[in-house]
Amino acid sequence: MYVAGFVYICIYINRFNQNMEQVRVRFAPSPTGPLHIGGVRTALYNYLFAKKNSGTFILRIEDTDQARYVEGAEEYIIESLEWCGIVVDEGVREGGNYGPYRQSERKAIYRQYADILIDNGDAYYAFDTPEKLESLRSEAEKAGKTFIYNTEVRGELINSLSLGEAEWRQKLDRGEPYVIRYKMSYNEDIHFDDIIRGHIVVNTGTLDDKVLFKSDGMPTYHLAHLVDDHLMKISHVIRGEEWLASLPLHIMMYRSFGWNPPLFAHLPLLLKPDGKGKLSKRDGDKMGFPVFPLFWPYGETAKGYRDDGYYPEPFINMLALLGWNPGTEQEIFSMDELINTFSIERVGKSGSRFDPEKAKWFNHQYLQNKTNNQLALEFRDFLRAHGYQDDIVRLEALVGMVKERVSFVKDIWEQTDFFFKAPDTYDQEAVKKRWKEDSGLLLTELRALLENTIDFSSTANETVIKSWIEKNGYNTGAIMNAFRLVIVGSLRGPHMFDIISWLGKAETLKRIDKGVSLLSK
RNA sequence: GGUCCAUUCGUCUAGUGGCUAGGACGUCAGGUUUUCAUCCUGGUAACAGGGGUUCGAUUCCCCUAUGGACUACCA
């Protein structure tokens, strides 16, 4: 028992080391719509693992389902990965020695492998119509059971196992539609390992004879991905947890083919922020955050992170930490740091609830590290959208004043709108609280002071005004709040002296005049 | 229903057979500030439940509960 266990572990370790020699991983989405952040995370973990181990990251398009194919989805997926900074080594655009990388273009390959299984006796032809199977399923359901196409019922259905050879060959020759099914063995325990979940045992009695080859001449996922993974020399299959249930089948198939399976790692799911279940587009719509990297422009549109103002770096940073952590207290990672630190063993086992608030915080952190020049350049577009413009040096100064209080470039406008337009109305609450009987007189006095100032810089004004306040024994808070009210229109914004210095003397005096006349009535 | 997987603060998570169970987001309070925000400081808050094993379990085992995935000629 112990010896068997030891031998088993040795074989496993040996295989593990073999696979580590040439790491080749793939991200294999099907082009059925926009790429979900769950998918992005799967791609990211594959990418990080590949780069960490000097391996190859492959993008394979799994378009074997012609009915679900969506125009534009492939381009969208590629563009999404590009935006994220996930670089594909081999794929539909990049090419490579193991192409083609689109399954629809590999159609001819799959049939041969299906035939190998048939010759082995590990697969067979089945002629049952979808309608017949459907009715068997609903019948079983009515009886409180589940219909499974397996050893128990195989003999009673129409296939090359129940029919005489002459009979099924005749059906084939006549061109009757058929599928190829895997002949699952009965009552056998299969043992396999998952890097994240450890050792798992499943009895084949609970498995069914999965369709490998469809009547439309296309393989199903089970056949296609397995053949491709083998032919493309994939060393590690890192994919979503939804595949864990069909891993026993895949292990059996590797055995039938006589191939060494790759190593597997099944990633936990991303769950919705509230309640239960996995994250979906609906949650994003409902709670006002995106679940896709990019805006999806086809058919039913969906907003994306890029278009919502997120930078790719914090988006990736946030996603990397959702289900994985380095075991240290570091939270902010560049892509290179992620690559250096990543390991599959440190991916968690349980599903992670997505928290949009934390995503915002990551963006905030990254934005703080941008230079004023970068932000000013980006902000200029938002400014134009509001019908304003200014020179880049002035915008740099402006951005510098509010940078630390925003999470997105688009937020800058909310913090700086009053720089571009004098207030027309004044916040009533603030007026009530801060505009006193003598405010008008005091501001008129202040106006005279500013009018005679030569140096209108922030520091110069601060010195002048503060000494004036002190000399006259005025109340600083009373003056400054009233001052802010006429300049900004409400009690918010950066340092007052920075504001008026940016506005300039003429505009400052104008706003005092306007405010005093409107508020002193 | 069946099979498989999972379960540490509200959320993301660290961690260990003996610790005051650590960090981050959020939240709350205080401080700084001429305002708001930022920022700083501090607080709040967790080992799903029940049995074992053990001198001792959050940690190891079993059961229960809860959640999830799969159960297509979809991936």
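Predicted, not measured: the structure shown is a model, and the values here were computed from it. First the proteins, then the strands, lettered A, B, ... as listed; each starts at 1.
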- Measure from the side-chain heavy atoms of A/Asn325 and tell me the nearest of B/U13, B/U3, B/C73. B/U13
- Message: What's the closest nucleotide to the side chain of A/Ser350 if the choices are B/A75, B/C70, B/A6?
- Response: B/A6
- Task: Please state whether the base of B/C36 and the side chain of A/Arg405 form at least one donor-acceptor pair under 3.5 Å?
- Result: yes
- When we call it a touch if two heavy atoms are under 4.0 Å apart, what does A/Thr206 touch: a base, just sugar-phosphate, or nothing? sugar-phosphate
- Does A/Lys370 reach the side chain of A/Val399, with side-chain heavy atoms less than 4.5 Å apart? no
- NA contact type, A/Pro494, heavy-atom cut-off 4.0 Å: base, sugar-phosphate, or nothing? base
- Message: Let's test your reading of the model: under 3.5 Å, does the base of B/U33 pair with the side chain of A/His495 as donor and acceptor?
- Response: no
- Closest to the A/Thr146 side chain, choosing from B/C4, B/G1, B/A75: B/G1
- Item | Rounded distance in Å - CG (A/Leu443) to P (B/U34) | 17 Å
- When every nucleotide of nucleotides 21-28 of chain B is labelled 5' to 3' by its protein contacts under 4.0 Å (heavy atoms), B for base, S for sugar-phosphate only, - for none, what sequence of letters results? -SSBS---
- Classify the nucleic acid contact of A/Pro326 as base, sugar-phosphate or nothing, counting any heavy atom under 4.0 Å across all strands shown. nothing
- In whole angstroms, the gap separating P of B/A72 from CD of A/Glu242 amounts to 16 Å
- Message: Applying a 4.0 Å non-hydrogen cut-off, can you work out what A/Phe497 is touching in the nucleic acid: base, sugar-phosphate, or nothing?
- Response: base
- Message: Taking any heavy-atom pair under 4.0 Å as a contact, classify A/Arg346: base, sugar-phosphate, or nothing.
- Response: sugar-phosphate
